[in-house]
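In what follows, residues are counted from 1 in the order of the sequence shown. We use all heavy atoms of the structure for the numbers below, so side chains are in, but hydrogens, waters and symmetry mates are not.
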Amino acid sequence: MDVNQQAIATMRAVTISREYGSGGGEIAARLARRLDWQLVDHQIVAEAAHNLGVHEAVVAAHDEKAGGILSRVFQWPYPIPAEEAQAYYEALRRVVLEAANTGHAVIVGRGGQMLLRDRRDVLHIRVVAPLEQRVAYVVRREGLDADAARKRVQEKDQTRIRYTQSQFHRQPDDAHLYDLVINTAILDLDHVVDQICLALEHKASRLSVPVEELGPAAGLTHYPSQPADFPVPPQP
């Protein structure tokens, strides 16, 4: 698929939020390869650990599990002080912001859609899929049986919800946080990457448009007659 690489180059980042097992992580990896951009995924944990001077395994315990840690319910494998957890989240924010400022990054999870929500030069994507298909994805990719895969999907979904609620006071499935929400129930992953590239190119083309000229009303005139809903036919 041909896209305007010069236009895309004016964008700084793509954030990928995903339901577990929807293929969002794989889509992010394929997108980064397609664009030749940096993939900011699990290595963000190692970077934050390095910045804090703590062992990566300890920092991994915090990753996308904020609600459990801050309430002292979650332990890894011993109680982690709340101030250490907060220091980690501050480091995480710095890494995400630095990746966007450096540019040409595909940022997976970690609240990127919230941290960069005011950046017009960042495209925000949400990847979803039906539960049964996500369970099948985890069975195939992780070698779990169906029951274990279902439990893992549900637990990961809940920890991500707690993370965004506790750190950003938002729900990750709020469609208003994203430029594009993609359901992988039928669309194959490479086609999804194509759609993201097209959206990235189009958003890049709108960077210079004044704010007052954006939105669904842009370029539209008044209705030619009184607007109304389609009439509901009477019941026989």
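Placement of Val209 and Leu207 in two distinct hydrophobic clusters is found when ILVMFWY residues are connected by side-chain heavy-atom separations under 4.5 Å, directly or transitively. By the rule that hydrophobic residues join a cluster once side-chain heavy atoms approach within less than 4.5 Å of another member, Leu200 and Leu214 end up as members of separate clusters. The hydrophobic cluster containing Val135 does not contain Ile161, counting ILVMFWY residues as joined when their side-chain heavy atoms lie under 4.5 angstrom apart, directly or transitively. Tracing side-chain contacts under 4.5 Å through hydrophobic residues (I, L, V, M, F, W, Y), one reaches Tyr178 starting from Val40; they form part of the same cluster.
Scanning both residues, Arg120 and Met11, for their nearest heavy atoms gives O-CE, 3.8 Å. Summarising the geometry of Lys156 relative to Thr159, their closest heavy-atom pair is O-OG1, 2.9 Å, with the distance given to 0.1 Å. Contact detail for Ile16 and Gly24: the closest heavy-atom pair is CG2-O, 3.8 Å. Looking at every heavy atom in both residues, Thr164 comes nearest to Pro172 through OG1-CD, 3.0 Å. Of all non-hydrogen atoms in Arg12 and Ala100, the two that sit nearest each other are CB-O, 3.4 Å. Nearest heavy-atom pair, Gly21 versus Val138, reported as atom, atom and distance to 0.1 Å: CA-CG2, 4.2 Å.
Side-chain contact between Thr184 and Val128 is absent, with no heavy atoms from C-beta onward closer than 4.5 Å. Side-chain contact check for Val139 versus Asp145: every heavy-atom pair is 4.5 Å or farther apart. A heavy-atom distance below 4.5 Å is found between the side chains of Arg30 and Glu26. The shortest side-chain heavy-atom distance between Glu19 and Val127 does not fall under the 4.5 Å cut-off. Arg18 has its side chain within reach of Val108: a pair of non-hydrogen atoms, C-beta onward, lies under 4.5 Å apart. Residues Asp173 and Ser17 are not in side-chain contact: their nearest non-hydrogen atoms beyond the backbone lie 4.5 Å or more apart. Residues Asp121 and Thr10 are not in side-chain contact: their nearest non-hydrogen atoms beyond the backbone lie 4.5 Å or more apart. The closest side-chain heavy-atom distance from Leu198 to His202 is not below 4.5 Å.
When the shell of 6.0 Å around CG of Asp36 is examined, it contains 12 or fewer heavy atoms from other residues, nucleotides or ligands. Open room surrounds CD1 on Ile186; 12 or fewer heavy atoms of other groups in view lie less than 6.0 Å from it.
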Check: Please walk me through it: do Gln167 and Arg93 pass side-chain hydrogen bond (donor to acceptor under 3.5 Å, both in side chains)?
Finding: CA-CA 11 Å; Gln167 288 298 298; Arg93 286 181 172 90; 3.2 Å; yes

Next item on the list: Under the side-chain contact (heavy atoms from CB on, under 4.5 Å) rule, what do Val122 and Arg117 come out as? Steps first, then yes or no, please.
Entry: CA-CA 8 Å; Val122 176; Arg117 63 185 178 275; over 6 Å; no

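Atom CG of Leu97 is separated from atom CZ of Arg119 by 8.0 Å, given to the nearest 0.5 angstrom. Rounded to the nearest 0.5 Å, atoms CD (Gln171) and NE2 (His176) are 14.0 Å apart. Rounded to the nearest 0.5 angstrom, Ile182 CD1 and Ile196 CD1 are separated by 4.5 Å. The CD atom of Gln6 sits 11.5 Å away from atom CD1 of Ile8, with the distance rounded to the nearest 0.5 Å.
Taking the six-membered ring for Trp and thresholds of 30 and 60 degrees, Tyr163 and Phe168 have ring planes more than 60 degrees apart, a perpendicular arrangement.
Between His124 and the options Leu116, Leu177, Val14, a side-chain contact (heavy atoms from CB on, under 4.5 Å) holds for only Leu116. When each of Leu180, Val106, Thr15, Leu31 is paired with Ile125, the side-chain contact (heavy atoms from CB on, under 4.5 Å) condition holds for Leu180 and for no other.
Using a 4.0 Å cut-off between charged side-chain N and carboxylate O, Asp41 and Arg110 make a salt bridge. Using a 4.0 Å cut-off between charged side-chain N and carboxylate O, Asp174 and Arg126 make no salt bridge. A salt bridge is defined here as a Lys NZ or Arg NE, NH1 or NH2 lying under 4.0 Å from an Asp or Glu carboxylate O, and Arg150 with Glu132 meets this definition.
A donor atom on one side chain and an acceptor atom on the other are not found under 3.5 Å apart for Tyr20 and Arg134. Side chain to side chain, Ser22 and Tyr137 fail the donor-acceptor criterion of an N or O pair below 3.5 Å.
Within the 3.5 Å criterion, the main-chain N or O of Ala149 finds no donor-acceptor partner in the side chain of Arg152. No donor-acceptor distance shorter than 3.5 angstrom exists from the side chain of His104 to the backbone of Gln38, with no hydrogens or angles considered.
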